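By convention in this document, chain letters (A, B, ...) are assigned in the order of the sequence lines, proteins followed by strands, and residues within each chain are numbered from 1. Quick note: numbers below take in every heavy atom, side chains included, and nothing from hydrogens, waters or symmetry partners. Note that the coordinates shown come from a computational prediction; the quantities given were computed from them, not determined experimentally.
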Amino acid sequence: MATQSKKKLIVHEIESWFSENARAFPWRTDDFPWGRLVSEFMSQQTQIDRVALKWPLILERFPTPKSLAQSNEQNILSLWQGLGYYRRAKFLKKTAEIITEDFAGEVPSDVDDLLKLSGVGKYTAGAISSIAFDKREAIVDANVHRVLCRLWNHAGEWAPSSWTWGKAEQLVSVCSSPKVFNEGLMEFGATVCSKSPKCETCPLQGQCDAFAKNTQSMLPTVKKKTKKKKVFHYAVVLEHQGEFAFEQRGDTGLWSGMWQVPTVDSDVELDVNEISKQLNVRGKLKMLGSFEHMLSHRAISFTVFSCKVGKDSRFNWFSAEALEELPLATAQRKVLAVHCAA
DNA sequence: AATACGGGGGT
DNA sequence: ACCCCAGTATT
């Protein structure tokens, strides 16, 4: 089959398939550029159903770039709780500031302008330009990469590459609507041409070189895995007359900007005396429990202690109700759950 | 070119 | 247990 014909068939099938099978997400019901930009930030490396739960809350609180630009960073971090990759929340705020100052408060539509924003790379710039503004720009995320590698039986690359981007550009150049085609291709990859592909019912079965050679389950090539580093975090719940001590993590590294009960991070196991010494607290530490917290790049052993102390001015003190708003990563919520259960 | 950066769902 | 994901910034 002529390659041009194959591309047109693929594009037509995807646009047709998506018009029938698009899932209902809030940013599709309430479709405007800022909402799309926020959903793209939230969706980076994050499962879409979890984004769908949080998006309405964030858009309600920050309906415009200006509203976020004028807000405190703690507010967006608080709403971002549980989504992970908290740096994205800071990038989103910075992006809102750039849009407010340099783009008159309107989300730009050109890829070159979008790339000036913070936390916007090649994929996100193309996604906003094409999906929010229907401009003829290509996108390649993990879904698109997987679909294209299979359609052309292309092996050897586990991540989006110049080969994939070239193919995506060729396809978007012949589609009728970049907005429909790009989002459709991603959704198709997420639901039909997924890790376990549903080839039996696939509308592109006849165009798929991988299906013809039965290589679809081996494509794209798997990434070589990196070893998790094992570390130890010792969290101490300091209580004084119904209030609890918290500190904010630094500007860089894991959970940057998020809050925690006073914690000792260590590469090696520590005994209780060492923990007490490093935190410099008077009073006896009582061990309440422990749990493992697994991240993609780290295996963290958490041990939770409690201690009755005087009101130490090195920390910020919060009542139990005030903790609802405090930006805490999931591991810290687990720490508080151990304390509650004890 | 590698690595850091979260968390939950799938298998 | 290990895999993966609507990636980007940093080193």
Side-chain angles (χ1 to χ4, degrees), chain A residues 18 22-23 25-28 35-55 77 80-92 94-95 114-132 138-147 157-161 164-165 168 179 182-191 193-197 217 220-229 231 233 249-258 260 291-300 302 327-334:
Chain A
F18 189 52
R23 290 173 289 181
F25 292 127
W27 50 88
R28 291 178 180 164
R36 287 292 190 163
L37 185 149
V38 173
S39 79
E40 288 300 338
F41 271 68
M42 298 178 74
S43 299
Q44 291 167 4
Q45 295 290 291
T46 304
Q47 291 184 334
I48 207 68
D49 290 332
R50 310 193 52 242
V51 176
L53 296 174
K54 285 263 189 179
W55 184 90
L77 282 176
W80 211 270
Q81 284 182 80
L83 280 177
Y85 285 172
Y86 298 95
R87 198 169 42 166
R88 292 179 297 170
K90 302 179 180 199
F91 287 151
L92 182 60
K94 177 66 177 169
T95 277
L114 288 161
L115 287 171
K116 294 172 185 164
L117 305 176
S118 181
V120 174
K122 193 169 166 63
Y123 160 77
T124 303
I128 295 169
S129 185
S130 64
I131 297 172
I139 58 170
V140 180
D141 70 337
N143 288 311
V144 172
H145 180 69
R146 184 172 55 251
V147 174
E157 294 170 320
W158 62 269
S161 62
T164 335
W165 277 94
K179 176 183 176 71
N182 279 351
E183 197 166 27
L185 190 58
M186 285 196 292
E187 184 121 333
F188 179 80
T191 59
C193 197
S194 51
K195 191 166 142 63
S196 303
S217 65
T221 311
V222 291
K223 175 183 165 182
K224 47 193 173 297
K225 64 173 194 177
T226 57
K227 212 175 81 182
K228 283 190 202 340
K229 183 180 178 186
V231 296
H233 287 199
R249 291 182 69 92
D251 281 340
T252 61
L254 188 64
W255 299 314
S256 67
M258 303 296 279
Q260 63 185 12
F291 60 88
E292 299 296 315
H293 192 71
M294 306 294 290
L295 305 178
S296 52
H297 62 305
R298 216 167 289 190
I300 306 176
F302 264 91
L328 298 176
T330 299
Q332 283 300 308
R333 296 284 171 196
K334 290 187 189 174

B:dG6 base / A:T330 side chain donor-acceptor hit below 3.5 Å: no
Assigned partner base of B:dG6, Watson-Crick or wobble definition, under 3.5 Å: none
To the nearest angstrom, the NE2-C1' distance between A:H293 and B:dG6 comes to 7 Å
Looking only at the side chain of A:R87 (C-beta and beyond, no hydrogens), which of the listed nucleotides B:dG6, C:dA6, C:dT8 gets closest? C:dT8
If you check every side-chain atom of A:K195, which of C:dT8, C:dC3, C:dA6 has the closest atom? C:dC3
Touch class at under 4.0 angstrom, heavy-atom based, for A:R146 against every strand present: sugar-phosphate
Send over the distance from A:Q45 CD to C:dG7 P, rounded to a whole Å. 5 Å
Does A:V120 reach a base, just sugar-phosphate, or nothing at all? Heavy atoms under 4.0 Å. sugar-phosphate
Whole-Å distance, A:H297 NE2 to C:dC2 C1', equals 17 Å
Report the nucleotide, chosen from B:dG8, B:dG6, C:dA6, that has the shortest atom-to-atom distance to any side-chain atom of A:Y123. C:dA6
Base, sugar-phosphate alone, or nothing: which one does A:G189 contact when heavy atoms must sit under 4.0 Å apart? nothing
Take the protein atom CG of A:L295 and the nucleotide atom P of C:dC2, then report the distance between them rounded to whole Å. 15 Å
Base, sugar-phosphate, or nothing: which does A:I139 touch, judged by heavy atoms less than 4.0 Å apart? nothing
For a quick check of understanding: with a heavy-atom distance under 4.0 Å over all strands, which category does A:S39 fall into, base, sugar-phosphate or nothing? nothing
Assign each of A:T46 and A:S196 the nucleotide of DNA chain B bearing its closest heavy atom; nearer the 5' end lies the nucleotide of A:T46
Inter-nucleotide P distance (C:dA6, B:dG10), Å rounded: 13 Å
Within the structure shown, what part of the strands sits under 4.0 Å from A:L254 by heavy-atom distance: base, sugar-phosphate, or nothing? sugar-phosphate
Under 4.0 Å between any heavy atoms, over every strand shown, what does A:R28 touch: base, sugar-phosphate, or nothing? Just pick one. base
